[in-house]
Amino acid sequence: MSRSRMRLAAVYLLVIGVILYGAGLGMLGLLMRSNWSALEREVETLAGTLHDSLKPLLPAEAKPSPQLAAVLPGLCLVGSPCQPAPSLIPRHAVSITDPERFYLRLLDPSGGLIAHSPGSPRAKAERPGPAWTVVAGPGGERFLQYSIHLHRSHTPADPGANALEMDWGYLQIGRSLSGLDAERQRLWWATQTIVVLALVVAGLASWWLSGLAMRPLLAAYRQQEQFTGDAAHELRAPLANLLAVVEAHRTKPPADAVARDQMLAAVQGQGQRLSRLISDLLLLARLDGPEAGAAMQSCSLTQIACDLLEETSEAASIAEVQLRLQSGDDDLNVLGVESELYRLVSNLLLNAIQYTPSGGEVLLSLRREGNLGLLQVQDSGMGITPADQQRIFDRFFRSDPGRSRRQGGTGLGLSIVAAIIRRHRGEIIVASKPGSGSVFTVKLPMATTPAPPSGSTACPH
């Protein structure tokens, strides 16, 4: 069982681990995507601002020139040494910000480099490709680069004409990804740490949950073991008696017909006991199996009680027990299988008669309570202790083993009752005090249609 529990806990932990790890990676991806979108919006805003600032100031030709150097102080013109900007004011006038995080590049219409920020990544002369690219800068630092067409404003000779926008070249802005990469590393390790700690907690929870899940299995396994042992014992007792009788008469054959009849009666009695036991076991196996038996229909519980009252009257007379029926409804129809309901009522009546002393009384009453039909069997017998009330529906359990065996009981009567009630989605309640008798109350769902007519005679009360 411990190995099975460990395997079950491992499965729980694996499933929880996959869910946690997937959720962690998904959250990491969402956070990084959000940060990446924020960077793109930042670069797009800066590119638009620069484009609008440069458009009226650009020289006529897209080439390195003193006019371009005056427009973009602080940029390095191709073919000329880089000169630092004389002040910050002109740089801000064209919105060139933080050189540690951004770089700027100007290209002519053919893709040739005209000017660039100091330390910007080098690139061969070609037309810019997609608007967004990731490029590697000096030292392997990554940059998110955005490329747009750069236009210049051209005023026509006619004073009344609108200004025209002419293609001038390309503008490229790069944003350093070092902060984003560092954030990704921090989030990655934070996710791993959280997942590992969560897995430790999940491992403990999995061990506890596996133990919780194994409890009913362990109880069923122990019940099965108990049932196997009890069944073997119950089958062995009549079989041993049977073999003993046969062996005794084989070694010493009966001298007269009376002895022979006694031997045959003993063999027959033990054989019948074995047959009843096997029949009860088969019935329990069928009741505990999938619900593929007879279809449920409307059954007259009143008529079933009347029939069984007549059938068990002989057993009640032999035990000197008075048997009475008290019915509050002329016809109480419940939903069920008639043969199983017969067995249910029969077992309850015979159990009550068996444990009621001579001169006692067994009362069978029927009534309706809402949408439920109630069948109640009350006796004035020895009663049941609180401890035994928890076990009376277990297989082969007997409150008084000697008395039950003497009267031919198999110890399966109330187990069959409980199984039939489960099949009918009903409920059974036991109320008893030692020395004050017992009351078994069965609740079954009512049928919506009346039961088919029966040819039985009227029920005596």
Within this structure, what is the [atom1]-[atom2] distance for the pair [X] and [Y], rounded to the nearest 0.5 Å?
{"X": "Leu283", "Y": "Ile420", "atom1": "CG", "atom2": "CD1", "value": "6.0 Å"}
{"X": "Met296", "Y": "Glu340", "atom1": "CE", "atom2": "CD", "value": "7.0 Å"}
{"X": "Tyr12", "Y": "Ile16", "atom1": "OH", "atom2": "CD1", "value": "9.0 Å"}
{"X": "Leu50", "Y": "Lys55", "atom1": "CG", "atom2": "NZ", "value": "13.0 Å"}
{"X": "Leu412", "Y": "Leu277", "atom1": "CG", "atom2": "CG", "value": "6.0 Å"}
{"X": "Leu144", "Y": "Leu177", "atom1": "CG", "atom2": "CG", "value": "5.5 Å"}

Item to complete: For His116 and Tyr103, run ring-ring contact (aromatic ring centres under 6.0 Å, His included): C-alpha distance rounded to whole Å, both residues' side-chain angles, the deciding distance at 0.1 Å, then the answer.
Response: CA-CA 7 Å; His116 62 89; Tyr103 69 78; 9.5 Å; no

Item to complete: Give a yes or no on whether a salt bridge exists between Arg101 and Glu42, defined as a side-chain N under 4.0 angstrom from a carboxylate O.
Response: yes

Worksheet item: Does a donor on one side chain and an acceptor on the other come within less than 3.5 Å for Ser300 and Thr302?
Response: no

Response to the item:
Residue set satisfying ring-ring contact (aromatic ring centres under 6.0 Å, His included) with Tyr146, at least two apart, ordered chain then number -> Trp132

Item to complete: Would you please name every residue forming a ring-ring contact (aromatic ring centres under 6.0 Å, His included) with His151, sequence neighbours left out?
Response: His51

With a cut-off of 3.5 Å and sequence neighbours excluded, list every side-chain donor-acceptor pair involving residues 22-40.
from: Trp36; atom 1: NE1; to: Glu40; atom 2: OE2; distance (Å): 2.9
from: Ser37; atom 1: OG; to: Arg33; atom 2: O; distance (Å): 3.0

Using the test side-chain hydrogen bond (donor to acceptor under 3.5 Å, both in side chains), find all partners of [X] that sit at least two apart in sequence or belong to another chain.
{"X": "Glu361", "result": "Arg324"}
{"X": "Arg343", "result": "Asp280, Asn347"}
{"X": "Arg186", "result": "Glu183"}
{"X": "Thr385", "result": "Asp388"}

Worksheet item: Any sub-3.5 Å donor-acceptor pair from Arg368's side-chain atoms to Gly370's backbone N or O?
Response: yes

Show the atom names and distances, to 0.1 Å, of all donor-acceptor pairs under 3.5 Å that link a side chain in residues 429-446 to residues at least two apart or in another chain.
from: Ser432; atom 1: OG; to: Ile384; atom 2: N; distance (Å): 2.7
from: Ser432; atom 1: OG; to: Gly437; atom 2: O; distance (Å): 3.0
from: Ser432; atom 1: OG; to: Ser438; atom 2: OG; distance (Å): 2.8
from: Thr441; atom 1: OG1; to: Gln376; atom 2: NE2; distance (Å): 3.0

Decide yes or no for [X] and [Y]: does some side-chain heavy atom of the first lie under 4.5 Å from some side-chain heavy atom of the second?
{"X": "Leu308", "Y": "Leu349", "value": "yes"}
{"X": "Leu325", "Y": "Ser365", "value": "no"}
{"X": "His424", "Y": "Leu341", "value": "yes"}
{"X": "Leu13", "Y": "Val11", "value": "no"}
{"X": "Leu364", "Y": "Leu375", "value": "yes"}
{"X": "Leu199", "Y": "Val195", "value": "yes"}
{"X": "Leu344", "Y": "Ile416", "value": "no"}

Over all atoms of both residues, closest heavy-atom pair of [X] and [Y]:
{"X": "Ala47", "Y": "Leu171", "answer": "O-CD2, 4.1 Å"}
{"X": "Ala315", "Y": "Ile353", "answer": "O-CG2, 4.0 Å"}
{"X": "Leu323", "Y": "Ala316", "answer": "CB-CB, 4.2 Å"}
{"X": "Ser380", "Y": "Thr356", "answer": "OG-CG2, 3.8 Å"}
{"X": "Phe393", "Y": "Ser415", "answer": "O-OG, 3.0 Å"}
{"X": "Val334", "Y": "Gly373", "answer": "CG1-CA, 4.3 Å"}

Output all residues satisfying salt bridge (charged side-chain N to carboxylate O under 4.0 Å, His left out) with [X], sequence neighbours left out; order by chain, then residue number.
{"X": "Glu311", "answer": "none"}
{"X": "Arg7", "answer": "none"}
{"X": "Asp181", "answer": "Arg142, Arg184"}

Worksheet entry | Evaluation steps, side-chain contact (heavy atoms from CB on, under 4.5 Å), between Ser176 and Phe102 | CA-CA 6 Å; Ser176 174; Phe102 295 90; over 6 Å; no

Item to complete: Provide the full list of side-chain hydrogen bond (donor to acceptor under 3.5 Å, both in side chains) pairs with a residue in residues 188-205, sequence neighbours left out, each pair given once.
Response: Tyr21-Gln192

Worksheet item: When you look at Leu150 and Tyr170, which way does the side-chain contact (heavy atoms from CB on, under 4.5 Å) test go after all the steps?
Response: CA-CA 5 Å; Leu150 189 60; Tyr170 296 95; 5.8 Å; no

Worksheet entry | Steps toward side-chain contact (heavy atoms from CB on, under 4.5 Å) verdict (Leu348, Leu414) | CA-CA 7 Å; Leu348 287 176; Leu414 292 181; 4.1 Å; yes

Practice prompt. Give the intermediate values and the outcome of side-chain contact (heavy atoms from CB on, under 4.5 Å) for residues Gln172 and Leu104.
Written response: CA-CA 6 Å; Gln172 290 182 337; Leu104 180 66; over 6 Å; no

